[in-house]
Amino acid sequence: AQSVTQLGSHVSVSEGALVLLRCNYSSSVPPYLFWYVQYPNQGLQLLLKYTSAATLVKGINGFEAEFKKSETSFHLTKPSAHMSDAAEYFCAVIFTGNQFYFGTGTSLTVIP
Amino acid sequence: DSGVTQTPKHLITATGQRVTLRCSPRSGDLSVYWYQQSLDQGLQFLIQYYNGEERAKGNILERFSAQQFPDLHSELNLSSLELGDSALYFCASSLGGDLYNEQFFGPGTRLTVL
């Protein structure tokens, strides 16, 4: 069965520190990969997506993610965390056959 | 504001009942997607419609159905409701018909089944 795994349901970082949110997927075929952000009481917003172009994908708000086929990973990073980055982050994957799955989410807390 | 509207914002009903959730996509978007977000199941893709036709199907229960009308708004019908159907239901829209197109999400409808 296809799956999307986000390691760490809660991540805390200090303001100005590196943000690293992990995502791994189960597939031998490179799928479409996404990172979404959800602020409290709001819908999801697309941060970035990988669609088989460059392996390093730049998104909005200073976030980027690197697709690593050998590790089946698509980790999200941001060099310097801001207070406004506090939110829930979801990794999502479209597998072969239009199977669209989300990870369980990572709640990011930014400590002033 | 994404431009996607959903009504109602909140809905409280009883087990066994049927409800209809409504979604209006962004102006010009042809695709509508439905998602369920619950504590138990997490975030799940339910179904996609593109220009009135079903385009992709996810983990949608047989008790649930959806349709997209000629004016492109969509409705998600949930019947024989169970306690476990309590969740936040999101609608999203996109211009194109592929799942990987950028989707714009509405604020959601919170359904509580008592």
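Residue numbers start from 1 in every chain, and the chains themselves are labelled A, B, ... in the order their sequence lines are given, proteins ahead of strands.
Shortest non-hydrogen contact noted between Glu102(B) and Lys49(A) is N-NZ, 3.8 Å. The minimum heavy-atom distance between Arg55(B) and Asn98(A), with the atom names listed, is O-ND2, 4.4 Å. Taking every heavy atom of both residues into account, Phe105(B) and Tyr36(A) meet most closely at CE1-CE2, 3.6 Å.
The environment of CZ in Arg26(B) is crowded: more than 12 heavy-atom neighbours from other residues, nucleotides or ligands sit within 6.0 Å. Within a 6.0 Å radius of CG in Asp71(B), other residues, nucleotides and ligands contribute more than 12 heavy atoms.
The candidate from Leu88(B), Leu99(B), Asn59(B), Asp98(B) with the greatest count of non-hydrogen atom pairs under 4.5 Å with chain A is Leu99(B).
Cluster annotation: Tyr100(B) and Leu44(A) are assigned to the same hydrophobic cluster (Ile/Leu/Val/Met/Phe/Trp/Tyr, side-chain heavy-atom contacts under 4.5 Å, transitive). Note on Leu81(B): it clusters hydrophobically with Leu11(B), by side-chain heavy-atom contacts below 4.5 Å among ILVMFWY residues. Leu7(A) is not connected to Val19(A) by any chain of hydrophobic side-chain contacts under 4.5 Å among Ile, Leu, Val, Met, Phe, Trp and Tyr, and they are in different clusters. A single hydrophobic cluster is not seen to contain both Leu43(B) and Ile60(B); linkage of ILVMFWY side chains at heavy-atom distances under 4.5 Å, directly or through other members, places them apart. Under the 4.5 Å side-chain heavy-atom criterion for grouping Ile, Leu, Val, Met, Phe, Trp and Tyr, Val11(A) is connected to Tyr39(A) within one hydrophobic cluster.
Interface remark: Asn101(B) contributes backbone atoms only to the contact with chain A (heavy atom separation under 4.5 Å). Proximity to chain A is absent for every atom of Phe104(B), based on heavy atoms less than 4.5 angstrom apart. Looking at Gln6(B), neither its backbone nor its side chain comes within 4.5 Å of chain A, counting heavy atoms on both sides.
At a heavy-atom cut-off of under 4.5 Å, chain B is reached by Phe90(A), Ile94(A) from residues 77-95 of chain A, listed in order of number. Near-neighbour residues of residues 54-65 of chain A relative to chain B, defined by a heavy atom under 4.5 Å from a heavy atom of that chain, are none. Near-neighbour residues of residues 102-112 of chain A relative to chain B, defined by a heavy atom under 4.5 Å from a heavy atom of that chain, comprise Phe102(A).
Residues in residues 71-93 of chain B take part in these ring pair (Phe, Tyr, Trp, His ring centres under 6.0 Å) pairs, two or more places apart or across chains: Phe69(B)-His73(B).
Between Phe100(A) and Phe45(B), the two ring planes are tilted [angle within 30° to 60°].
Distance check: Ser2(B) OG to Leu46(A) CG gives 12.5 Å after rounding to the nearest 0.5 Å.
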